[in-house]
Amino acid sequence: MASCAKAADKFAPNTLLYEMASLLNILGLCLWLFLTCQDSKKVVSQNITQGSLFINGSASVGSTDENFICATLDWWPPEKCDYGGCSWGNASILNLDLSNKVLLNAVKAFSPLKIRLGGTLQDKVVYQNADGPRSCNEFVRSIEMFGFTEGCLPMSRWDELNKFFTLAGAEVIFGLNALHGRTIGPGNNVIGPWNSSNAESLIKYTVSNNYTIYGWELGNELSGNGIGASVAADQYASDVIHLQNIVQDVYKGFQSKPLVLGPGGFFDAGWFSQFINEASNSLQAVTHHIYNLGPGSDDHLVDKILDPSYLDGGSQPFRDLQRVLKTSGASTKAWVGEAGGAYNSGRNLVTNTFAFSFWYLDQLGMASSYDTKTYCRQTLVGGNYGLLNTTTFVPNPDYYSALLWHRLMGRNVLATNLTAIKNLRAYAHCSKLSHGITVLLINLDAYATVQVGLSVQNTIPTNRTSIWLLHQHSRHGKFTRYNLDSSMRKEYHLTAKHGNIHSQIVLLNGKILSVDSSGTIPPLEPRTGYPSDPITVAPFSIVFADIPNILVPACK
């Protein structure tokens with residue numbers, strides 16, 4: 001302020017009005033200089049870290065389905081509440097507004113999106129058809145298991161749902177009631193075999209109406225110790241074999257038949273081993289659930305999400321299930337049937353914000369590297385972990401993370417090794433956009449910008465010299481854009497609005513992603529970079545980079 005006072009003396013005018021105007025101008029100049037200095041301090045003090053990502057292109061270490069991304073719809077009614085908050089609204093399979101344009105466009109953008117219909121209450125749902133009740137009762141709060149009475153799916157609603165799925169181009173996995181006709185004994189152990197009559201009637205109704213179902217899944221979280229109830233592994237295997245026989249009979253003459261999936265529960269090595277060994281010939285996909293962050297009430301969820309060691313621990317169920325499948329020799333594939341990260345509906349302003357994309361995309365990368373074929377996110381809509389806002393259906397940040405993965409990451413997974421960067425996560429796949437590779441980089445550091453150089457082993461020789469020359473000439477303005485377009489790296493940088501990872505607004509390459517007035521999902525446009533330059537990953541950001549000129553045997 002002393003320099004400002006001297007400046008004011010120097011420019012002192014003869015009139016009071018002029019003096020006041022000058023003083024205001026000089027004070028404004030001082031303020032501008034102060035802010036400029038502050039901004040320059042941020043730039044100067046910015047921590048830039050160098051690192052290398054080594055990618056082995058000789059062979060894939062895992063593969064996914066072409067449509068790896070999946071999302072769930074649940075049965076919870078509006079009265080479902082957790083920790084004093086009720087976050088489900090009208091997001092149930094029974095009351096979701098299927099006429100909403102944003103919802104329709106959000107699903108259509110995947111072309112197709114797998115949607116799994118299921119959740120805790122699915123084992124208390126009866127189906128209103130020839131074998132079901134004449135009246136169809138809604139779920140009502142009670143002291144019964146899971147806090148609600150038995151509910152019912154009207155066939156009129158099933159018709160509406162299938163009309164929507166057809167219009168949206170969704171691939172539907174339906175979770176069947178595995179407790180129908182059973183009793184629960186001491187220790188929550190289920191007694192007796194599954195009564196399939198109601199489910200079989202639904203399947204027959206579905207076929208008679210020409211509704212296409214991608215898969216029928218039996219039960220929800222009844223494996224191992226179970227949640228609320230548990231079914232012994234040998235009995236569950238017998239039930240799945242029975243379901244497979246029903247599917248084979250009802251779809252007789254169909255060239256393509258739905259998958260049979262189960263058990264839709266938490267991984268238990270001994271239980272899953274017995275179940276897979278006894279049901280393997282009738283089980284096309286074994287499904288398990290992921291809630292490794294603990295309860296949604298945990299105040300340290302973000303700390304866990306940003307902790308690389310904690311994230312690393314999430315690989316264990318993928319690794320153990322992969323070992324069980326290899327030991328069994330079965331052709332059964334691994335799926336994540338439901339993954340919300342934090343159970344009991346997630347946590348508002350964490351699991352529905354940009355912060356959760358760090359966990360979600362890391363899970364997708366990790367699961368695919370262990371040969372998981374499909375990963376179903378809890379939820380598409382509903383709770384505090386929906387890809388879409390429960391009330392408005394406007395996409396949350398994870399929706400765009402999922403869509404970018406779906407459009408960019410190909411089936412084959414490449415081995416990666418990242419050196420000297422603790423808070424960076426890295427995954428690489430063959431590209432969906434090109435014959436090259438796509439790299440995913442996740443920066444968990446709040447302060448450090450990371451410049452990542454790529455080193456790819458076992459590449460297929462290309463005309464790298466001409467690309468390098470074009471690069472050099474371009475720096476001197478001696479090229480036409482046409483020459484470089486096919487070799488330029490395409491980058492997609494995701495950041496939170498104002499750098500606040502608790503924001504529900506995400507930016508792509510610096511521009512806010514938002515639906516327009518007609519509910520249209522915005523285009524996801526890349527920015528380009530030279531293939532030989534390091535990839536710059538800003539603090540608390542995520543980068544997808546498609547690199548078309550790196551050709552490897554694993555992607556042929």
Side-chain angles (χ1 to χ4, degrees), residues 73 75 93-94 115-137 139 150-163 165-166 171-184 190-223 229 231-232 234-265 275 278-287 332 337:
L73 289 174
W75 293 96
I93 294 166
L94 295 173
I115 297 181
R116 179 239 185 189
L117 308 182
T120 301
L121 294 183
Q122 80 176 53
D123 292 314
K124 301 190 76 171
V125 178
V126 294
Y127 318 118
Q128 183 194 35
N129 50 38
D131 184 59
R134 291 184 179 179
S135 61
C136 210
N137 298 321
F139 291 109
E150 185 179 81
C152 176
L153 172 65
M155 286 303 96
S156 59
R157 180 61 175 178
W158 187 228
D159 295 337
E160 292 170 355
L161 286 161
N162 279 281
K163 181 179 179 180
F165 295 140
T166 299
E171 295 179 330
V172 179
I173 298 94
F174 189 91
L176 294 165
N177 180 349
L179 293 182
H180 187 66
R182 290 168 142 166
T183 57
I184 300 175
V190 172
I191 299 172
W194 172 49
N195 183 338
S196 65
S197 59
N198 192 220
E200 184 173 357
S201 183
L202 174 67
I203 295 172
K204 288 179 177 178
Y205 179 89
T206 301
V207 172
S208 68
N209 283 276
N210 296 314
Y211 299 148
T212 300
I213 299 297
Y214 190 87
W216 297 100
E217 183 181 27
L218 183 62
N220 183 83
E221 296 178 358
L222 301 173
S223 58
V231 179
D234 58 344
Q235 181 59 62
Y236 217 127
S238 176
D239 297 335
V240 164
I241 292 169
H242 182 48
L243 173 58
Q244 171 72 354
N245 290 336
I246 292 171
V247 170
Q248 291 298 314
D249 180 58
V250 177
Y251 287 89
K252 186 183 299 181
F254 283 69
Q255 186 173 359
S256 178
K257 298 179 177 62
L259 302 180
V260 170
L261 308 92
F275 171 66
E278 296 189 23
S280 61
N281 292 332
S282 298
L283 185 70
Q284 285 81 61
V286 58
T287 52
T332 305

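Quick caveat, the model's predicted, so the values are computed rather than measured.
Residues meeting the side-chain contact (heavy atoms from CB on, under 4.5 Å) test with Asn209, sequence neighbours left out: Tyr205, Tyr211. With sequence neighbours excluded, no residue forms a salt bridge (charged side-chain N to carboxylate O under 4.0 Å, His left out) with Glu221. Considering only residues two or more places apart in sequence or on other chains, Gln122 meets the side-chain contact (heavy atoms from CB on, under 4.5 Å) condition with Trp75, Arg116, Asn220. In terms of the salt bridge (charged side-chain N to carboxylate O under 4.0 Å, His left out) criterion, Glu278 has no residue partners (sequence neighbours excluded). Remark: Lys163 engages no residue in a salt bridge (charged side-chain N to carboxylate O under 4.0 Å, His left out) (not counting sequence neighbours).
Thr332 contributes a side-chain N or O that, together with a main-chain N or O of Leu283, makes up a donor-acceptor pair within less than 3.5 Å. Under a 3.5 Å cut-off, the side chain of Thr166 and the backbone N or O of Asn162 do form a donor-acceptor pair. The main-chain N or O of Arg134 is found under 3.5 Å from a side-chain atom of Gln128 such that the two form a donor-acceptor pair.
Sorted by first and then second residue, the side-chain hydrogen bond (donor to acceptor under 3.5 Å, both in side chains) pairs involving residues 246-257 (not counting sequence neighbours) are Trp216-Tyr251.
The residue from Asn129, Val247, Ile246 that alone fulfils the side chain to side chain contact (heavy atoms under 4.5 Å, CB included) condition with Glu200 is Ile246. Here the options are Leu243, Ile213, Asn198, the test is side chain to side chain contact (heavy atoms under 4.5 Å, CB included), and the partner is Ile203; only Leu243 passes.
Rounding to the nearest 0.5 Å gives a distance of 11.5 Å between OH of Tyr127 and SG of Cys136. Of the inter-residue distances, the one linking Phe139 atom CZ with Leu94 atom CG reads 6.5 Å to the nearest 0.5 angstrom.
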